[in-house]
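Encoded as structure tokens, the structure appears first; notes follow it.
Numbers restart at 1 for each chain; the letters A, B, ... are given by sequence-line order, proteins then strands.
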Amino acid sequence: MRANVQQPHAPQDAQPILWVRDLQAHYRTSHFGVRRGVKAVDGVSFAVRRGEIYGLAGESSSGKTTLIKSIAGAIRPPLEIVGGSVEFAFLPGYGGLHRAPPVDVARIRWRHLSYIMQGSMNVLNPVRRVESAFVDFAYPHIGGSRKQFEQQVVAHLARVRLDPSVLAAFPHELSGGMRQRATLALATICRPDFIIADEPTTALDVVVQKEVLGMIRSIQRETGSSVLFVTHDMGVHAHITDRLAIMYAGRLVEEAATAEIFRNPLHPYTRHLISSLPRIGDDTPREGLGGSPPNLADPPPGCRFHPRCPLATEICKREVPAMLEADTGHRVACFAVNQGARA
Amino acid sequence: MSGYLAYVGRRLGQFLLVVFIGVNIAYVVTHASPIDPVEQSISAVTSFGNTSPGAIEQMRNSLRELYGLSGTPVEQYLLFWKRILRADFGPSMSAFPTPVGTLIGRALPWTAGLLAVSTIVAWGLGNLLGGLAGYYRQSRGLKLMGVIAMGLHPIPYYILAMLLLIVFGFLWPVLPISGGSAMNLPQTWTPEFVLSVLQHAILPALSLILIGMGSWFLGMRSLVSNVLAEDFVVYAELAGVRSWRILTSYVMRNALVPQVTGLAMSLGGIFNGAVITEKVFGYPGLGSLLVDAVYAGDYGLVLGVTTISILGVSIGVLAIDLLYPLLDPRVKVS
Amino acid sequence: MAILLRDLLRHSPEFRIGAVLLAFVLLLSVLASFSPYPPESVYVVPPDVPPSLTYWFGTTSRGQDVFWQLSFAIRNTLLFGCTVALISRLFALVIGLISGYKGGWIDRALMSVNDTFIVIPLLPILVLFYFVMRDRISWLMLALIMACFGWAYDARLIRSVVMSLKAREFTQTSLFSGMSTRQILTEEHLPYVMPIVFSTTMNNMVWSIGLEVTLAVLGFTDINTPTIGGMIYWANQHTAMVAGIWWWIAFPTITVVMAFIGLFLLALSANAYIDPRSRLWSVGEAS
């Protein structure tokens, strides 16, 4: 039995809402003469369609967080966008939030593009009440009288099963699960077109995690938002995402419908990720993958996975494999898999 | 609520400990002396002549009690505490027979006013400018201010006060450089008197403010730089919250929390600065009183000012501690 | 250590300026050994001569050469600062390491006492001490007393560093491998605490020299040993400013301010070197 995979319900032919093209984002630091350059995102391309939950998987330090920071325009030194573009349908023509005029970016933030951040512990201002976050984040976009706004917030909190009393509480007075649900309500109250969710459930225990995932799913269905869902947890991806991209050492290695990835993983790294998932009734020992993820300050040449890859050949050490369509809607970057496609 | 009470209890305990240890240090210091300070003081006073034998006897008795030279060591110690708790330090020898308490009572408002105003201005302004400097790191004006703060902050109060005295007293004499108000004015609440008090306070306050501001500026600037990287600030930026609101309600609001603790911790040092600054400008507060008492050999007055200083600073610290939960709601649970 | 100094010199403008200022001050203090006049002698040169080629910094109303007098004064003042700093480092290290490492009620008790010492206004107590001791107060005795009061703030800093170290993995490893508390503290934690100790030493010297100058200016120390504060005291006694003998006050003041700013900048740059977050600030210059 493979992990339980839901059928995608977003229409396969829906228009994209986000295009990422050959994005390169590097960290450059200099501290008392020690210079470092880390190529955290190095040539990533993909598109997210309207109304779908697009998953992004990969180990920690694979560049996931840098990728979504770049997409969200949260770029501050030492992070730099070195090349490529990011384009949202609701902010056309600039090639990225970092290049758009601040006025336009401020206009689309939260209204069109919202964010659920990793680590619910510290995303709310610790010295102010929860209510003030709703006022600061959402009121400028929703408008109307304060009374109406308050009613709307209370109604929205009910969707994530939170009592209106949390508004008067300080963040430290709430449990981790309550805080995460409050953040979820905060991120969705403006019914944004696009939500970036960075490990939204990682810090929660399994029961709460499932509950929060269900809420994300139901709110997303109701508002028709697109979600870029990032987590290292393949089980969570199987549970919630429609399509899934796998990231390794700053590059995408495979992308397909989530069900397809679990049914028919093509890239050796994806296969490793899926085979290491625990399955009920299967006691066979998991084979480990030798080596460790590369140091992005000095990545290996060619395919970055080749030092750990069981299928590696000479070409993998020299050339970078391109993302090619191996099957309809199933892209993969691997010389071994794409031999047929190349010929 | 019970969390707040527990917090208040802890702070009160700390307050009592400070007073207890402070008074004990005063006791040990005065009793460590190998000479008999009573006779030494008496002879210093009588050498100026014309003091009646009765007055000398009265002085000797109260000094013996304060020094605790009569009775067993335990009795001496208890007597010392009794005097201090009643704030009864006997008559002053340099201004006989005015009680020490009266002299201190006269000087206290000057010092309290000078300290309160200059500390609040230095703290408020230093934090505001330091916060801006941490947020707008590229601003040249604020960078320059940082360099000036680095140059000012390590200079001791005495040196800066003296420099101001030289500049405004000798090179460009525009401000009064001595006293608390003009000599010829009666000390009543007339507009002339208030104006004169304010004029006389400018230089002493300025020396306290310039140095204090430097340290709050530097502290706040580095705190803000750290808070900027916190998740809740990044999150508010991603939500498109206006940058002025982020700076005030998110960044500075959180960076202020350790600055309040810092204020409580540096109150003693600020008081040290006020003592010497008052002396430089002849300001009629506790500092001048203390230094002049040493010159005059007035033991009761020196001990009285020292004890009241310890008590006053501890009360200031306690007040800040009790206001602290207003700024940081987290203390109620931890 | 050599690499640390090299990096600081090369990349921290604060450290460079601080080092240059301190180098000047140190050079002056070393010159004291070559003085043609003993420091206590008065009326060895004509009094009240303004700065000239013969007397670079002028002469005092007491017939002393300001330059040579100043070199003695700054040497004694710096020695005083070092003495206080070294002795109080011992207290700060012991209290900070024990408090941070042991935790629990020992930590709470030590920190209560510690906070008391931070809060108590020291100047009135030192004045009281002088009042009782009068002329018996010596240079070393004052240094000892100030060291007894000057450790508290730094003990708190060291404690917080140890507490963060304690949570790290290698402490547990050492604990399970059977090292004693003393071994863990000295062999595992001390190297991490040393940079903090360096920067607090500089700050502590600024603090103690400042207090010493203050006391000396008031005449509340051994005024016959030349120090910076002592020089200003004698100048004030002779109303040098009013009499126009500005060089008597100006040169000691400039010298001691150089020392203060130099020490403070060294502490500041050492702190920046330790704090990993400051790396982000230096990014602007990287590319």
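Using a distance-only test at 3.5 Å, with no hydrogens or angles considered, no donor-acceptor pair links the side chain of A:Gln24 to the main chain of A:Gly84. Side-chain N or O atoms of A:Arg181 include one that pairs as donor or acceptor with a backbone N or O of A:Val160 at under 3.5 Å. At distances below 3.5 Å, not a single donor-acceptor pair connects side-chain atoms of A:Gln180 with backbone N or O atoms of A:Thr201. Between the A:Ser62 side chain and the A:Glu59 main chain, a donor and an acceptor come within less than 3.5 Å of each other.
Within residues 90-109 of chain A, the residues having any heavy atom closer than 4.5 Å to a heavy atom of chain B are A:Arg109, listed by residue number. Residues of residues 243-268 of chain B placed with any heavy atom under 4.5 Å of a heavy atom in chain A are listed by number as B:Arg245, B:Ser249, B:Tyr250, B:Arg253, B:Asn254, B:Val257. Along residues 141-157 of chain B, no residue comes nearer than 4.5 angstrom to chain A, judged on non-hydrogen atoms.
Looking only at atom types and distance, the side chain of A:Ser165 has a donor-acceptor partner in the side chain of A:Asp163 under 3.5 Å away. Checking B:Arg137 against B:Ser225 by side-chain atom types alone, a donor-acceptor pair falls below 3.5 Å. Side chains of A:Ser225 and A:Gln220: a donor-acceptor N/O pair is absent below 3.5 angstrom, by distance only. B:Glu278 and B:Thr111 share a side-chain donor-acceptor pair at under 3.5 Å.
Ring centroids of A:Phe137 and B:Tyr235 are separated by less than 6.0 Å, placing the two rings close together. Residues A:Phe194 and A:Phe88 place their aromatic rings such that the two centres sit under 6.0 Å apart.
A salt bridge links A:Arg128 with A:Asp136; the closest basic N to acidic carboxylate O contact falls under 4.0 Å. Looking at A:Arg159 and A:Glu222, a side-chain N of the basic residue comes within less than 4.0 Å of a carboxylate O on the acidic one, giving a salt bridge.
When A:Ala72, A:Pro126, A:Ser114 are compared by the number of non-hydrogen pairs under 4.5 Å with chain B, A:Pro126 comes out ahead.
The closest side-chain heavy-atom distance from B:Ile276 to B:Asn272 is not below 4.5 Å.
Using a 4.5 Å cut-off between heavy atoms, A:Pro140 does not touch chain B at all.
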May I have the list of side-chain donor-acceptor pairs in residues 11-20 of chain B shorter than 3.5 Å, sequence neighbours left out?
{"from": "B:Arg11", "atom 1": "NE", "to": "B:Asp321", "atom 2": "OD2", "distance (Å)": "3.0"}
{"from": "B:Arg11", "atom 1": "NH2", "to": "B:Asp321", "atom 2": "OD2", "distance (Å)": "3.3"}
{"from": "B:Gln14", "atom 1": "NE2", "to": "C:Ser112", "atom 2": "O", "distance (Å)": "3.0"}
{"from": "B:Gln14", "atom 1": "NE2", "to": "C:Thr116", "atom 2": "OG1", "distance (Å)": "3.2"}

